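Everything below concerns the one structure shown next.
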Amino acid sequence: MNSITIISSSVRKGRQSHRVALFFKKYLEENRLASVEILDLNSYRFPIFEERLRLMKAPPDNAVEFAARVKESDGIIIVTPEYNGGYPASIKNVIDLLYDEWHRKPVAISTVSDGNYGGSQVIMSLQFTLWKMRAWTVPARFPVPFVQDNFNEEGNITGRPSMEKRAKSFIDELIWCIEAGKLMMKPIKKNIYNP
Ligand SMILES: Cc1cc2nc3c(=O)[nH]c(=O)nc-3n(C[C@H](O)[C@H](O)[C@H](O)COP(=O)(O)O)c2cc1C
């Protein structure tokens, strides 16, 4: 079974995007699609970035553990709110902290807002940053508008049932990319094109 790690990015008191992280955990587990873990940046409370983990002389244990969890995952879902047209510093903080953990890692992005647009202004900038880190960003998106109406605190859908249909195609795409990546990593058999 594939392992998928969900990074919940908001560290704000009273945050609502965490509901979407809880939803994906339940969705993946209930449908037996992956083993799942949430890396909650609100629990880690990493300090503002000073240096990349691989260059630290005495890296903090929680940063080492966070990096290992990202590295070991087959795929990542980043759940992020939109703040002033961008993603919060908390997620940039951990993207910059790691390095080769991101390489060739399938990453799917779910953006969240309490308004009409589902945090969709985040997509371009977050995809670009992940591309610079050589992650494989999944083309599917999962923007969540009016998060307070669409999900409850336990991560259950309370809004439109179409949300589950959209979640399915988002997750299908992530799993397709994970499987495609695994196939590409397999040694290529010798044939007339590869003597
Ligand atoms: C500093 C700040 C800036 C925000 N900027 C935007 C914004 O540009 N667009 C938007 O749709 N919502 C914006 N919001 C509202 C968030 O979408 C809302 O808080 C939502 O619940 C997701 O963030 P949360 O997980 O921190 O709750 C902003 C919220 C904060 C705290």
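Order of listing sets the numbers, starting from 1, for every ligand and every atom in it. Since we're looking at a predicted model, the values are computed, not measured. Here, residue 1 is the first one in the sequence, and each next residue gets the next number.
Of all non-hydrogen atoms in P143 and G118, the two that sit nearest each other are CB-O, 3.5 Å. In plain terms, the two heavy atoms of Q127 and V138 that are nearest each other are NE2-O, 3.8 Å.
In summary, the side chains of N2 and K182 do present a donor paired with an acceptor at a separation below 3.5 Å, with no hydrogens or angles considered.
Remark: the backbone N or O of D149 is paired with a side-chain donor or acceptor of T158 at under 3.5 angstrom.
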For Y83 and S10: C-alpha separation, side-chain torsions, deciding distance, then whether side-chain hydrogen bond (donor to acceptor under 3.5 Å, both in side chains) applies. CA-CA 10 Å; Y83 291 163; S10 179; 3.2 Å; yes
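In this structure, R52 is not positioned above the aromatic face of Y99 in the sense of NZ or CZ being under 6.0 Å from the six-membered ring centre and within 45° of the axis.
Among protein residues, S10, R12, R15, Q16, S17, P81, E82, Y83, N84, G85, V112, S113, D114, V147 come within 4.0 Å of ligand 1, judged on heavy atoms.
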